[in-house]
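Just below is one structure, and these are the notes that go with it.
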Amino acid sequence: MVFPNDWEGFSPAIMGRVMDYLWHEHRIPILLSTAFILTFLRFYLRLNDAQSEQQKLVALPRALNTDEKKTATTTTEKLDKVVVKKVSGSEGSSGDDEKKEGVKKKSAGPRRIKGDTSKRVKKEGGEARKIQVLVFFSCLTGSTEKIAKQFAGAFEEALTKAKGEQTTFLPPQVLDLSEVDYDEYFISPPKTEGEEKVDYFYLILLPSFNIDSINDTFLEHLQETHHDFRIDTSPLAPILGYSVFGFGDREGWPTEEEGYCFQAKEVDKWMAKLSGRKRAYPLGMGDWKRDGKERLAEWKSGLVDVLGQIEQNGGLGEGVPGSGDPIESDDEELDDDGEVYDDGAEQNGKSKSSGDLGDLEDLGQIMAASGNTGKKSPGPIAVDFTTEGKPKRKAAAPAVIKEMVPTGSPTYNSLTKQGYAIVGSHSGVKICRWTKSALRGRGSCYKYSFYGINSHQCMETTPSLSCSNKCVFCWRHGTNPVGTNWRWVVDPPDLIFNGVKENHYKKIKMMRGVPGVRAERFAEAMRIRHCALSLVGEPIFYPHINEFLSMLHKERISSFLVCNAQHPDQLAALQHVTQLYVSIDASNKESLRRIDRPLHRDFWERFNRCLDILRERRFQQRTVFRLTLVKDFNLEDEVEGYADLVQKGLPCFVEIKGVTYCGTSTSSSAGLTMQNVPFYNEVCDFVVALEKALKKRGLNYGIAAEHAHSCCILLASDRFHKEGKWYTRIDYERFFELLEERGPDGEFTPEEYMGPETPEWATWGRGGFDPRDQRVDRKGRPVEVS
């Protein structure tokens, strides 16, 4: 190869050729040289580290120098031996002065402290890390929330009084267990924002309920976290400590064995396991009707002392053996395992503990030793198989399956106060406001404009009041039960079916005396033609949902079923419904976690599996994506994400609806206010942008209908667009005929029961209000429909 003599103007291409030549011709020497240099540097650095470590370990310079001349040792173990020998005077010491000198130098060397508390870690600049006390509570009626807030205020005042104004404690935060994200607090401590580091201390105020409540969900989460192989054994070990106080009712549960504060004890046990035995103060228990205030005050006083020690020392310390264990020693019961011990084995007080076990390698020696005793082996041991004189083992209490909503429970009272009729133990029915409106000729809901369903003939019900989400926009005030699996009594489907019909008709009959009710519509309302399984909870959660649907269809009642995309197995096993909905409340994982607050840890995977199932079902039945828009949650900058989800699931329809604010304190604590309710023009802008995003992806969807009064707009697939017109309505009679001909699992397409064309007044740009009715304002005055 020719190298140019004049490097001026040397082009990069030629330089590249030179480097390529050098590499291919000399790469082996280059690699070997590089390896040699790196190895040399490694040994050099290790040697320097060893020398610096040796200088740090020198506690007695003169002793070390003497021994270095004799032994020339460099390892840490030999240095430790030299120090011990010089201190004890066993080597190189000839007088008392030298011994005293050695003893004095022992105190000057490094100390290793075991089993004591360590000083609090401080940041650069000498400022201690802040301590944040989190007070968690659960309640059904609001009384525990009031107690928790009063306790937090008194606790902060006590800490300030004990530590002064320069305390490192932040004001305690009060958190409702029904609102917080468990993954954020009970899989790992919360992450702090900014540069300031904060340590957390957990306090849990927990009443015990003998009905289904958020306590069951919380306990289930703690148990799943402990048994989840993907999570560390003690994921909450970074917290400073925790303590639990339980409220009970001795009138209902007079003893602890019968259930007094039983859920608080369970939480205490699981928290000990998850926190690595960081029980800072014993479990407190009190009956609020009797001694609850006194016991809570004692608990608070003890916690103030403990937190003072933590602030000073930086931790709880070691404590006595066994402290912090999941189950305290007083509560442990040693079961009689039925072993029989030979009393003759204990002779002259020389007997090994029953816990001593020999190794397999020592078996020969053990047998030889036993053979040299010169004693005959004892005969058969007499065993008394009777139970007289022995303590009776405590019989385990049989597992009792709870009712989801027992009659007279706080949940039952709250739901009935909201207008629900509870059927059985886990079902409910409620008359919709649009049903009342339609009876009076004041307009029907969007289901009439889009699909031809008369609102006054529609029954809104659910066979499962329980849900696996805690959505921020839930209309039901957060009072319905929650859970990830069915753990309650199961009512038969015929009981539910007959019960919801009976209670629906009762509520319709209550409307006959209301001014403005039209006689002909009242008569029609006594014949249910449609069932909206979207009242509250998760209808698909009910184990016999297919049998319940069959009963509806047998009486020619159409079915719209709404699920929240968290139960893919139940969705896959679902038989034909008239129209199947999936709630799509967010376009990405973090947004879905923030809005729906799901209980399942694999909520995003479940969500996507449900979308895959809907994609497979799109040619078997009508599928719908329901988007609920919440300003500042999922409205801004999520159009593209929603378009991706539509592309994934390819539903027949996409309903976009603005959130309806229920105006409760529960929603406020979840971060939802009236400011989060979008205006109708904002929903329209979102729908137009979504349509463009879908067309950009080659998906043929168009804006088919609207119902401005419901703040709802319908996007439909071009499968329902024929000859320039939209056909979004349903031929219900044809649906029932197909169901009878081909069965609940039979194959027929949505096009086979496509109904008449969408009326012109319901199409995009015309408002969607039924011209047969009269729209009124809040005071009942007529309003002209533009």
Side-chain angles (χ1 to χ4, degrees), residues 138 176-187 212-218 220-221 224 404-405 411 414-415 426 428 462-488 533-542 545 561-571 580-611 613-614 624-630 633-634 638 642 645 655 657 659-662 664 666-672 676:
S138 72
D176 189 346
L177 286 172
S178 65
E179 301 294 341
V180 300
D181 184 353
Y182 295 152
D183 288 355
E184 183 178 347
Y185 292 94
F186 295 100
I187 287 183
D212 188 78
S213 66
I214 191 64
N215 291 358
D216 299 281
T217 306
F218 180 51
E220 184 179 3
H221 175 88
E224 288 179 356
M404 185 185 292
V405 185
T411 304
S414 177
L415 290 172
H426 55 71
T462 180
S464 170
L465 291 164
S466 175
C467 188
S468 54
N469 287 349
K470 298 180 293 182
C471 302
V472 297
F473 53 79
C474 182
W475 295 357
R476 314 310 169 192
H477 302 191
T479 51
N480 57 301
V482 292
T484 57
N485 52 54
W486 191 278
R487 58 176 184 268
W488 306 279
L533 293 165
S534 61
L535 178 64
V536 66
E538 180 65 275
I540 204 173
F541 206 12
Y542 176 53
I545 184 63
L561 187 144
V562 182
C563 67
N564 58 24
Q566 289 299 297
H567 299 277
D569 294 335
Q570 289 85 342
L571 183 61
L580 177 61
Y581 284 78
V582 170
S583 295
I584 309 294
D585 299 326
S587 64
N588 57 73
K589 184 176 181 179
E590 291 307 315
S591 182
L592 188 67
R593 184 199 301 274
R594 184 183 172 208
I595 296 173
D596 282 358
R597 297 184 296 178
L599 300 181
H600 289 284
R601 289 182 185 156
D602 57 342
F603 66 92
W604 186 246
E605 291 75 16
R606 289 171 171 268
F607 180 83
N608 281 280
R609 282 177 58 196
C610 289
L611 298 192
I613 293 171
L614 246 69
V624 184
F625 277 10
R626 171 178 283 182
L627 278 60
T628 302
L629 302 183
V630 187
F633 278 82
N634 62 358
E638 292 201 23
Y642 279 117
L645 294 180
E655 288 182 7
K657 188 178 185 300
V659 67
T660 300
Y661 179 60
C662 62
T664 66
T666 301
S667 298
S668 298
S669 63
L672 192 66
N676 300 111

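When a residue number appears, it is its place in the shown sequence, counting from 1.
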Exercise for review: Not counting sequence neighbours, which residues clear side chain to side chain contact (heavy atoms under 4.5 Å, CB included) with Glu184? List them please.
Suggested key: Asp181
[X] to [Y] - nearest heavy-atom pair and separation:
X: Ile214; Y: Ser178; result: CG1-CA, 3.7 Å
X: Ser138; Y: Leu177; result: CB-CD1, 4.1 Å
X: Asp183; Y: His221; result: OD1-CE1, 3.2 Å
X: Trp486; Y: Ser464; result: CZ3-OG, 3.6 Å

Practice item. Taking the side chain as every heavy atom from C-beta outward, state whether Tyr581 and Ser534 have any pair of such atoms under 4.5 Å apart. Key: no
Check your understanding: Which residues pass the side-chain hydrogen bond (donor to acceptor under 3.5 Å, both in side chains) test with Arg609, sequence neighbours left out?
Key -> Asp569
**Study point:** Value rounded to 0.5 Å, distance of CG in Leu571 from CZ in Arg606
**Key:** 12.0 Å
Exercise for review: Look up atom CG in Leu592 and atom CH2 in Trp604, then write down how far apart they are to the nearest 0.5 Å.
Suggested key: 6.0 Å
**Study point:** Expected output: side-chain Gln566 to main-chain Ser468 donor-acceptor under 3.5 Å
**Key:** no
Review point. Does Tyr182 have Lys470 sitting over its ring (NZ/CZ under 6.0 Å from centre, angle to axis within 45°)?
Key: yes
Check your understanding: Quick one: does NZ or CZ of Arg594 land under 6.0 Å from the six-membered ring centre of Phe633, within 45 degrees of the ring axis?
Key -> yes
Exercise for review: Check the pair Phe607 / Lys589 against side-chain contact (heavy atoms from CB on, under 4.5 Å), numbers first and verdict last.
Suggested key: CA-CA 9 Å; Phe607 180 83; Lys589 184 176 181 179; over 6 Å; no
